[in-house]
Amino acid sequence: MPRIARFLAVTAVAALVLSPVLAEARPGGNASSGSRGSRTDSAPPTTNTAPNAARPMDRTMTEPSRPGAAATAPAAAAAGAARPAAAGGNFFQRNPLLGGLLAGGLIGAMLGGGFFSGLGSMAGMLGFLLQIALIGGLVFLLVSLLRRRNPAQAQASAQVPAMAGMPRSMAPETGGMTSGGGAVSAPVVAITAADQQAFGEALLAVNRAWSAGDTTTLARITTPEMTQYFRDDYAALAARGWKNETADVRLESGDVAEAWNEGARDYCTVAMRFSLVDVTRSLADGAVVEGHPSNRQMVTELWTFVRVQGGLWQVSAIQQNG
């Protein structure tokens with residue numbers, strides 16, 4: 001038994017040190033990481049820049065047990081809110097008095113009399129009227145509650161995420177972003193030229209901070225969750241005696257996959273195709289372990305940004321395309 005344990009330990013150490021599991025260890029580690037609010041488990045729509053479905057999250061702090069019907073609930077709410085109030089509910093909700101009469105008759109029948117046995121005496125009449133009042137009151141309360149919910153449902157349906165166009169107004173050094181492919185409807189979150197600029201600059205800023213090991217800047221421009229993943233990746237590289245750097249990052253093209261609102265938070269997922277030099281070196285002697293110091297790579301990723309109450313955009317997720 002001790003021999004087997006030693007063998008497993010040596011194998012684990014060898015795998016840790018020798019296997020190139022962090023190939024293309026640019027920011028995000030060639031993994032899908034982070035959170036997209038209620039859409040974390042849903043793939044962003046494909047776009048012209050990212051025609052393949054995004055890889056599901058390999059790392060996320062979002063609880064997987066959140067309601068799975070969140071993506072379909074807005075559509076259902078929209079359908080319910082579109083119905084006129086008079087047509088809502090079932091037959092008895094629309095006709096509470098008739099429902100009360102029928103219910104009273106059924107109660108009388110179940111108590112041993114005929115359907116209209118409850119009308120045979122003054123006491124029976126009073127009991128029957130009391131039944132009508134109770135049942136009618138309950139039905140009225142139920143209808144009132146349902147109608148009170150309709151405005152909230154209508155507001156939720158107005159938050160169905162839609163693709164937001166991005167005109168070609170990015171600065172030359174960050175390339176240009178256009179609207180994503182697919183049907184276009186009224187956007188919940190309007191993506192402005194300033195937003196576009198912020199997305200392109202974030203791509204460059206994250207790579208600069210990553211290469212410099214600048215966790216302070218990363219903590220400012222990314223969510224705490226993403227900052228922690230960057231720290232984890234730094235630790236994994238250091239455990240192998242490696243350091244990764246990216247250089248000469250150029251945004252070649254980009255478009256918006258979706259932009260939506262969740263309460264105080266706005267989200268925008270952007271497909272970005274960019275080229276860069278990605279190289280991993282040994283900390284001991286600077287020898288190249290992965291990548292190439294001069295050859296450029298082309299990468300397509302989907303970056304999700306979040307802002308709270310109109311504040312600054314932060315990177316909340318990086319997903320691989322396909």
Side-chain angles (χ1 to χ4, degrees), residues 24-37 39-40 44 49 54 57-62 164 166 169-177 189 191-237 243-252 254-262 264-278 299-320:
E24 298 177 325
R26 60 184 179 272
N30 196 32
S32 290
S33 308
S35 297
R36 301 195 323 121
R39 299 192 150 232
T40 300
T49 297
M57 295 300 184
D58 302 304
R59 303 180 293 185
T60 182
M61 294 181 185
T62 301
M166 298 183 77
S169 58
M170 299 293 291
E173 64 271 17
T174 58
M177 290 192 180
V189 177
I191 302 301
T192 67
D195 296 328
Q196 301 170 40
Q197 186 72 22
F199 300 152
E201 290 175 353
L203 173 68
L204 305 180
V206 166
N207 277 274
R208 282 195 301 265
W210 164 262
S211 299
D214 184 357
T215 56
T216 300
T217 297
L218 288 173
R220 179 174 55 83
I221 61 180
T222 69
T223 61
E225 178 184 8
M226 288 302 297
T227 302
Q228 184 58 52
Y229 293 144
F230 290 136
R231 290 194 176 106
D232 293 343
D233 292 342
Y234 280 139
L237 286 163
K243 185 181 188 307
N244 175 261
E245 294 179 351
T246 60
D248 198 14
V249 181
R250 301 175 190 170
L251 178 60
E252 307 292 346
D255 47 28
V256 169
E258 54 186 346
W260 73 101
N261 170 265
E262 294 182 14
R265 289 176 170 79
D266 293 335
Y267 289 89
C268 183
T269 296
V270 182
M272 294 192 283
R273 182 181 298 118
F274 55 96
S275 60
L276 76 169
V277 174
D278 183 359
V299 177
T300 301
E301 294 178 334
L302 291 105
W303 287 39
T304 297
F305 298 86
V306 63
R307 65 182 175 190
V308 181
Q309 295 181 340
L312 298 177
W313 290 103
Q314 290 184 310
V315 180
S316 69
I318 298 176
Q319 289 176 271
Q320 305 305 310

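Quick note: numbers below take in every heavy atom, side chains included, and nothing from hydrogens, waters or symmetry partners.
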message: With ring pair (Phe, Tyr, Trp, His ring centres under 6.0 Å) as the criterion, how do Phe199 and Trp313 come out once you've worked through the C-alpha distance, each side chain's angles and the decisive distance to 0.1 Å?
response: CA-CA 8 Å; Phe199 300 152; Trp313 290 103; 5.3 Å; yes
message: Would Gln320 and Glu301 count as a side chain to side chain donor-acceptor pair (under 3.5 Å) here? Give the steps.
response: CA-CA 5 Å; Gln320 305 305 310; Glu301 294 178 334; 3.1 Å; yes
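To the nearest 0.5 Å, the span separating CZ on Arg59 from CD on Gln228 amounts to 10.0 Å. To the nearest 0.5 angstrom, Asp232 atom CG is 10.5 Å from Met226 atom CE. The line from OG1 of Thr60 to CD of Gln319 is 9.5 Å long, rounded to the nearest 0.5 Å. Considering OG1 of Thr62 and CD of Glu225, their distance stands at 5.5 Å, rounded to 0.5 Å.
Ionic pairing of Arg307 and Asp195 is present here: one or more N-O contacts between side-chain nitrogen and carboxylate oxygen are shorter than 4.0 angstrom.
In this structure, Met57 and Arg36 have side chains that are in contact, with non-hydrogen atoms separated by less than 4.5 Å. Proximity of Met61 to Pro224: side-chain heavy atoms (C-beta onward) are nowhere separated by under 4.5 Å. Counting only heavy atoms from C-beta outward, the side chains of Val249 and Leu251 never approach each other to under 4.5 Å. Considering only heavy atoms from C-beta on, Tyr229 stays 4.5 Å or farther from Thr222 through its side chain. Inter-residue side-chain proximity for Ile318 and Ser33 is flagged as unmet; no heavy-atom pair is nearer than 4.5 Å. Asn244 is listed as a side-chain neighbour of Asp278, based on a closest heavy-atom distance under 4.5 Å. A 4.5 Å side-chain heavy-atom check between Ile191 and Phe305 finds every atom pair outside the cut-off.
Looking at Ser316, its side chain does come within 3.5 Å of a backbone N or O of Ser35 through a donor-acceptor pair. Formation of a donor-acceptor pair under 3.5 Å by the Asn30 side chain with backbone atoms of Arg26 is not found in this model.
Evaluation of the ring-ring contact (aromatic ring centres under 6.0 Å, His included) rule for Tyr267 yields Trp260 as partners, not counting sequence neighbours.
The two atoms that bring Thr269 and Thr304 nearest to each other are OG1-OG1, 2.7 Å, heavy atoms only. In terms of heavy atoms, Tyr234 sits closest to Ala209 at OH-O, 3.5 Å. In this structure, Thr40 and Gly34 approach most closely via the heavy-atom pair CG2-O, 4.1 Å.
Below 30°, between 30° and 60°, or above 60°: for Trp303 and Phe274 the angle between ring planes is above 60°, a perpendicular geometry.
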